[in-house]
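Worksheet: the structure to be examined is printed underneath.
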Amino acid sequence: QVVPLHPAPCAMVEPFQAIPYKNILLLGKTGAGKSYVGNLLLGREALLSSDDFESVTHSCQLEIVRDLRTGVELRVIDTCGFMDTSATPQQVRTSLFQFAALAPTGIHAMVVIIRAG
């Protein structure tokens with residue numbers, strides 16, 4: 001039997017089972033290279049990226065790749081940057097929370113990208 005971690009009443013959940021996918025959320029400032037790192041994880045140029053410090057990603061973007069050996073699906077979620085040069089703070093917050101719709105079962109890893117130099 002699984003015991004809820006929160007004292008509030010909630011539905012009982014099934015025991016942990018292997019999930020056939022992993023949700024990875026990319027976070028960082030505008031121009032840090034989130035889309036570039038996402039493309040490295042995906043093994044292909046799927047996310048629009050630039051060498052410029054201007055924002056290229058204006059809303060969350062989901063790209064998926066499947067490992068043919070294991071069958072595990074890697075779901076990479078690219079977000080707009082913190083301190084986006086062209087968006088209002090409210091637009092940045094709204095965009096960052098769009099990932100909830102793209103990963104309703106939760107995030108398995110958050111990768112924070114920091115540009116060196």
Side-chain angles (χ1 to χ4, degrees):
Q1 179 180 358
V2 176
V3 179
L5 295 177
H6 303 288
C10 65
M12 296 301 287
V13 295
E14 293 297 318
F16 176 79
Q17 296 176 357
I19 300 173
Y21 58 88
K22 301 295 179 196
N23 292 321
I24 299 176
L25 183 66
L26 304 176
L27 298 169
K29 287 185 177 182
T30 300
K34 295 178 297 299
S35 299
Y36 177 79
V37 170
N39 286 333
L40 289 175
L41 291 171
L42 292 164
R44 59 187 164 90
E45 299 256 345
L47 303 168
L48 186 61
S49 66
S50 167
D51 290 336
D52 199 356
F53 285 102
E54 294 295 317
S55 179
V56 176
T57 306
H58 299 288
S59 63
C60 288
Q61 184 179 352
L62 170 69
E63 290 292 334
I64 301 169
V65 66
R66 181 179 299 276
D67 184 329
L68 297 177
R69 292 171 294 143
T70 64
V72 174
E73 192 175 270
L74 185 64
R75 300 166 52 93
V76 177
I77 302 169
D78 192 12
T79 62
C80 71
F82 307 139
M83 304 168 130
D84 189 309
T85 53
S86 64
T88 67
Q90 179 60 36
Q91 289 170 320
V92 172
R93 273 192 300 277
T94 300
S95 178
L96 286 174
F97 288 111
Q98 286 176 342
F99 78 82
L102 299 174
T105 59
I107 300 297
H108 298 97
M110 286 188 211
V111 180
V112 178
I113 291 76
I114 301 170
R115 188 177 189 116

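Position 1 is the first residue of the sequence; numbering continues from there.
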Testing the basics here: between [X] and [Y], what is the closest heavy-atom pair and its distance to 0.1 Å?
X	Y	value
Ile107	Ala109	CG2-O, 3.1 Å
Leu47	Gly38	CD1-CA, 3.8 Å
Ala103	Asn23	CB-ND2, 3.6 Å

The side chain to side chain contact (heavy atoms under 4.5 Å, CB included) partners of Leu62 (sequence neighbours excluded) come to Ile64, Arg75, Ile77, Leu102
In chain order, what residues pass the side chain to side chain contact (heavy atoms under 4.5 Å, CB included) check against Ala46, with sequence neighbours excluded?
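Here the qualifying residues are Asn39, Leu42, Arg44, Glu63.
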Report yes or no: does Asp67 contribute a side-chain atom to a donor-acceptor pair with the main-chain N or O of Val72 at less than 3.5 Å?
no
Is His108 reaching over with its side chain to a backbone N or O of Ile24, donor-acceptor style, under 3.5 angstrom?
no
Point-to-point distance, once rounded to the nearest 0.5 Å, from OG1 of Thr30 to CZ of Arg115:
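Between atom OG1 of Thr30 and atom CZ of Arg115 there are 11.5 Å.
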Measuring from atom CD of Gln61 to atom OG1 of Thr79, what distance do you get when rounded to the nearest 0.5 angstrom?
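The distance works out to 11.0 Å.
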